[in-house]
Amino acid sequence: MSGRVVSFAWGRGLGHVSRLIAVHTELRALGWDSLLLTDRDQRLTEDHGFAQVVIPTDADSLVGEPLYGTGPSVDHRLARALVEQALTAEDVVLHDVTVQRELYDRAAGLGCRQVLVHRFQRNRPDPAAWVARHTPAIGQVCLLGEPGREETAHGVRLTGIPHVVRRLLDTRSPWPPGTGEPRIAVVAGGGGHADAPAFLDAALEALRMYGPRTGGPRADGQRRADGPADVLVLTGPNFRGRVTVPPGLPGPVRVTPYLGPDYDVYRHATAAITHGGYNTVQELARSGVPAVVVPGVRDFDDQRVHLRAAAARLNAMVVEPDPGAIAQALYLLLRGGRRPTPAAPPEPGGAAALARALVLPQEKGRRRSQSDGA
């Protein structure tokens, strides 16, 4: 291997995990090794063939902002010991939005090169100023969705890159062969965030309301009845609630916490009802599937910002978490003259761009060292 990149993946949601897998997959193609630290075992990481080390975390484990939902406090000596054993001075450290304290401190002490990936957050409108204040050992910030931007502010290099989306390992359908339409995917955000139960209740009630609706007129002037929907509910692997299927919902409903990277849920769906996190928005844009998007509420994120930024690439309607509004939007998308599903856009190049940004400076430094020693 040419070198190694080490990252911490905040495991409460799947956003950090998914995005880091996308980048580390590109690094692997360039001959670089990877190590992912996380606060919990991630099956998604294992399915992509990456090594992961679980380290204890609590509310003080992130630099500059609290880490919610981690349970009671922990002894940070164990986390420090694990990071000390794992990290070497030759490693490059890639932080995805959040900065894990033990990893950052150890990397700063060793003089490792450190890079931060930034996507919009309400609490961090000026990422360079944030880095200069909280994590001055990080010398570069890669800004998602801002390709071509290159500047230095507060002594921090800002590099704009395209959006990042994780590649699937296959495009298998999660629906059994012969399943009719409509096939509706209901996908909770954040791997099973705290607002997932209310979202799933609203989405399933909306599907019950949608079921009896009628479509447009047939050629003979009669009304066309909608067929029963085949519903697939993805709760996320961290979901701790209960899914209640309302009586009277036509068609089968299957519930699963997780589908591996061999399945392409959106490609095979007639429509989707989802939250609006960064990774979900990029996946919806890639697939072109008609989607009803219900923005979730997060501590620092603003899902409406992601949706506005990607509006031209989406075939989506954004609604409040109200069953009637979701049902009406689904009807308009599927039966009420929705705009045609756009052709799937090219795969975003952010993961490859980020991998190159990590690799090239290290390789140039090695070549200079070899030249000086010759």
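Note: hydrogens, waters and symmetry copies are ignored here, and every other heavy atom, side chains too, is used. We count residues from 1, following the sequence as given.
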Do side-chain atoms of [X] reach the backbone of [Y] as a donor and acceptor pair under 3.5 angstrom?
X      : Y      : value
Arg286 : Val281 : no
Thr179 : Trp175 : no
Asn279 : Gly15  : yes
Thr38  : Ala9   : yes
Thr159 : Cys142 : no
Arg101 : Asp60  : yes
Gln303 : Gly296 : yes

Please verify the inter-ring angle class for His306 with Tyr278; under 30° counts as parallel, over 60° as perpendicular, anything in between as tilted. perpendicular
Is the His134 ring parallel, tilted or perpendicular to the Trp130 ring (thresholds 30°, 60°)? tilted
Between [Y] and [X], is there a side-chain donor-acceptor contact under 3.5 Å, judged purely by atom types and distance?
X      : Y      : value
Arg80  : Gln85  : no
His76  : Glu102 : yes
Gln100 : Thr57  : no
Ser18  : Arg166 : yes
His193 : Asn238 : no

Between Glu205 and Pro246, what is the shortest heavy-atom contact and its length? OE1-CB, 3.7 Å
For His118 and Val141, which heavy atoms make the closest approach, and how far apart are they? CB-CG1, 3.7 Å
To the nearest 0.5 Å, how far apart are [atom1] in [X] and [atom2] in [Y]?
X      : Y      : atom1 : atom2 : value
Arg208 : Leu249 : CZ    : CG    : 8.0 Å
Asp262 : Thr171 : CG    : OG1   : 9.5 Å
Ile326 : Leu207 : CD1   : CG    : 8.5 Å
His48  : Leu20  : NE2   : CG    : 12.0 Å
Thr270 : Glu181 : OG1   : CD    : 3.5 Å
Ser287 : Asp264 : OG    : CG    : 7.0 Å

Determine whether Ser7 and His95 satisfy the following criterion, side chain to side chain donor-acceptor pair (under 3.5 Å), listing intermediate values before the conclusion. CA-CA 6 Å; Ser7 298; His95 304 278; over 6 Å; no
Are [X] and [Y] ion-paired here, with the side-chain N under 4.0 Å from a carboxylate O?
X      : Y      : result
Arg43  : Glu46  : no
Glu283 : Arg267 : no
Arg183 : Asp230 : no
Glu320 : Arg304 : yes
Arg149 : Glu151 : yes

Is it true that His275 and Phe199 have ring centroids separated by less than 6.0 Å? yes
What do the steps show when you test Val253 against Val255 for side-chain contact (heavy atoms from CB on, under 4.5 Å), and what is the final call? CA-CA 7 Å; Val253 177; Val255 180; 4.3 Å; yes
Side chain to side chain donor-acceptor pair (under 3.5 Å) between Gln52 and Arg40, worked out: CA-CA 9 Å; Gln52 61 181 331; Arg40 66 194 71 189; over 6 Å; no
Would the number of heavy atoms belonging to other residues, nucleotides or ligands and lying under 6.0 Å from [atom1] of [X] be above 12?
X      : atom1 : value
Phe50  : CZ    : yes
Arg133 : CZ    : no
Glu150 : CD    : yes

